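Small disclaimer: the values here were computed from a predicted structure and weren't measured.
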Amino acid sequence: MSSKKQIIHEYLYQKVKPVYDELISKILIERPDDVIQWSIDWLHNKSNCFCQILKENTPALQQPINKPHHTEHSDEEPEEEEEIVLDLQNKQKKNTRTAVSAEAYGVYHKKEDFKARVIPKGQEQKDRIKKRILNSFMFQALDEKDLHIVIDAMEEKKFKPQDWVITQGQDGNELYVIDEGDLDCFKKFGEEVKHLKVYHPGDSFGELALLYNAPRAASIQAKTDVITFALDRDTFNNIVKQSAVTKREKMEHILGKIELLQSMDAYERIQLSDGMKEVKFHAGEVIINQGEVGDKIYLIAEGNLEAWKHEEGQESHKVYDYKEGDYFGELALLNNTPRQATVKAVSDGVLVYCDYQSFRRLMGPLEDILRRNQQRYEHYLIQK
């Protein structure tokens with residue numbers, strides 16, 4: 001390898017690639033709307049040292065390509081260096097495609113050749129695991145064969161109160177499904193540590209590091225004695241990952257249309273998407289009925305609906321028009337009252353919804369906004 005090629009090669013792999021890899025991981029975790037500006041801010045805050053390295057080295061590397069010196073070999077050196085850089089770029093693209101393909105689709109470990117680990121367990125324990133994992137979005141799309149592979153590969157792990165199960169920023173090789181006990185979720189924003197939520201039996205966590213090959217996005221600490229079922233990275237990548245990625249991306253696309261959710265950060269939206277279910281509706285279909293007990297909140301991904309209210313001795317009358325991006329059903333959950341109106345579909349469409357427990361747990365940060373927005377119905381609410 002020529003000395004010039006060696007310099008570029010060392011600079012790329014020692015200086016640029018580590019920063020690039022970390023930046024990509026952070027982007028996948030945070031998922032900012034403005035990727036370019038977020039990246040600029042992240043690089044600015046990353047390290048003054050790194051910024052100085054860029055200032056000192058980048059111009060020096062670019063100068064021979066863009067501003068060649070007139071020396072005895074000036075006709076050859078710029079072309080030689082440009083060829084070196086292009087060659088490295090082509091190799092990097094090839095390696096990147098291979099790496100992505102390997103991680104996402106198992107080029108080196110094809111699904112049909114993969115041999116998952118088997119952790120011995122009794123039927124009672126297998127039944128407990130199956131009951132828990134079928135509550136998680138990641139496992140709901142698995143066929144029976146793959147479901148059995150996952151159950152066999154899961155390992156029971158116990159934690160005491162105050163034990164840290166995962167720590168933000170560290171590498172992760174397992175995801176966890178909770179069988180018993182509660183855990184706190186904390187996330188560090190700069191110097192501030194924020195309590196995000198409490199995990200309960202049936203919940204899962206730790207999958208982000210496996211889905212996106214990124215460091216842990218938050219820290220999880222046991223509140224009580226805890227029993228979890230842990231799934232290893234290899235089994236996850238080969239059996240679960242693709243269906244989980246597809247389902248999550250679809251749900252995040254739907255939730256991205258809901259104006260109410262724009263105040264949530266990326267991590268909170270991811271958690272919310274995991275607790276939502278999708279249902280299609282047809283024109284004329286009744287979604288909820290006035291007077292019935294409500295246990296779900298609905299977000300409108302596609303289509304139009306109307307709310308109709310019936311007063312004793314009067315004909316039903318329309319009280320509200322819903323469109324894509326709206327939500328309904330929250331009044332019964334916020335106020336613990338029966339449904340205040342009947343909601344009918346005007347067109348075909350798609351709803352996503354979550355139940356009462358998920359609403360309280362996942363939409364807690366939005367409860368104040370929901371309560372403030374009750375005023376849109378005030379004219380129609382039953383006066384007591």
Side-chain angles (χ1 to χ4, degrees), residues 22 25-26 28-30 117 119-122 124-139 150-151 153-236 240 244 264-275 354 356-367:
E22 185 178 358
S25 294
K26 296 295 185 183
L28 289 173
I29 292 172
E30 299 297 336
R117 71 181 187 179
I119 307 296
K121 52 182 71 72
E124 183 272 337
Q125 192 179 38
K126 289 182 179 181
D127 291 341
R128 282 165 49 211
I129 295 174
K130 184 175 183 178
K131 177 183 177 181
R132 292 306 187 190
I133 67 176
L134 287 180
N135 288 327
S136 172
F137 88 101
M138 289 179 294
F139 304 103
V150 168
I151 291 172
M154 283 191 147
E155 180 181 4
E156 182 175 291
K157 293 194 173 183
K158 298 181 179 181
F159 301 94
K160 296 293 185 182
Q162 308 306 312
D163 283 352
W164 289 101
V165 182
I166 64 175
T167 303
Q168 183 176 345
Q170 292 185 353
D171 293 334
N173 291 308
E174 293 177 316
L175 70 82
Y176 300 85
V177 178
I178 305 169
D179 185 44
E180 295 181 12
D182 299 324
L183 303 98
D184 284 313
C185 175
F186 301 93
K187 185 172 177 62
K188 189 174 183 181
F189 298 89
E191 296 302 317
E192 179 186 1
V193 177
K194 181 180 178 183
H195 180 266
L196 296 184
K197 61 182 290 186
V198 178
Y199 285 101
H200 303 287
D203 291 339
S204 59
F205 61 89
E207 77 284 354
L208 289 180
L210 308 188
L211 280 171
Y212 306 115
N213 197 27
R216 295 296 193 189
S219 297
I220 310 292
Q221 185 181 38
K223 289 186 69 173
T224 64
D225 287 328
V226 170
I227 298 176
T228 67
F229 301 118
L231 184 66
D232 63 291
R233 176 185 288 274
D234 286 344
T235 304
F236 178 84
V240 183
M264 302 179 82
D265 66 31
Y267 186 80
E268 289 171 330
R269 269 201 302 274
I270 287 174
Q271 297 302 308
L272 178 60
S273 72
D274 293 350
C354 65
Y356 176 79
Q357 292 300 330
S358 298
F359 170 77
R360 291 293 186 188
R361 176 167 50 86
L362 298 171
M363 301 190 75
L366 301 176
E367 187 165 335

State whether the side chain of R216 and the backbone N or O of L208 hold a donor-acceptor pair below 3.5 Å, judged by distance alone. no
Parallel under 30°, tilted from 30 to 60°, perpendicular over 60°: which one fits the rings of Y176 and F159? perpendicular
dist F229:CZ -> I129:CD1 (nearest 0.5 Å) comes out at 4.5 Å
I need the L134 CG to K131 NZ distance, nearest 0.5 Å. 11.5 Å
Would a distance-only check, ignoring hydrogens and angles, find a side-chain to backbone donor-acceptor pair under 3.5 Å from T228 to I178? no
Please confirm whether the backbone N or O of I119 pairs with a side-chain atom of K121, one donor and one acceptor, at under 3.5 Å? yes
Go through it in stages, so that I can follow the logic: the residues are R117 and D232, the test is salt bridge (Lys or Arg N to Asp or Glu O under 4.0 Å), and I'd like the CA-CA distance, side-chain angles, deciding distance and then a yes or no. CA-CA 9 Å; R117 71 181 187 179; D232 63 291; 3.1 Å; yes
Nearest 0.5 Å please: distance from the OH atom of Y199 over to the CG atom of D184. 11.0 Å
Which heavy atom in D203 sits nearest to a heavy atom in H200, and how many Å separate them? OD2-N, 2.8 Å
Heavy-atom nearest pair, L210 first then G172, reads CD2-O, 3.5 Å
Rounded distance [0.5 Å steps], CZ in F205 versus CD1 in I166: 6.0 Å
Hey, what do you get for CD (E180) to CD (E156), rounding to the nearest 0.5 Å? 8.0 Å
Kindly indicate whether a cation-pi arrangement holds for K188 with F186, taking the cut-offs as under 6.0 Å to the six-membered ring centre and within 45° of the axis. no
Rounded to the nearest 0.5 Å, how far apart are CD1 of I220 and NZ of K197? 8.0 Å
Side-chain contact test, heavy atoms from C-beta onward, threshold under 4.5 Å: evaluate it for V226 versus L183 and give yes or no. yes
If you draw the axis of the six-membered ring of F189, does the NZ or CZ of K187 fall within 45° of it and under 6.0 Å from the ring centre? yes
Hey, does the side chain of D163 reach the backbone of K160 with a donor-acceptor pair shorter than 3.5 angstrom? yes
Charged N to carboxylate O below 4.0 Å: is that the case for D179 and R128? yes
Contact summary for L175 and G206, nearest pair of heavy atoms: CB-C, 4.0 Å
Judged by atom type as modelled, is there a donor-acceptor pair below 3.5 Å linking the side chain of T235 to the main-chain atoms of V150? no
For G181 and P201, the nearest pair of non-hydrogen atoms, with its separation, is O-CD, 3.3 Å
Quick check: are there more than 12 heavy atoms from other residues, nucleotides or ligands sitting under 6.0 Å from NZ of K223? no
Residue pair V177, M154: steps toward the side-chain contact (heavy atoms from CB on, under 4.5 Å) verdict: CA-CA 9 Å; V177 178; M154 283 191 147; 3.8 Å; yes
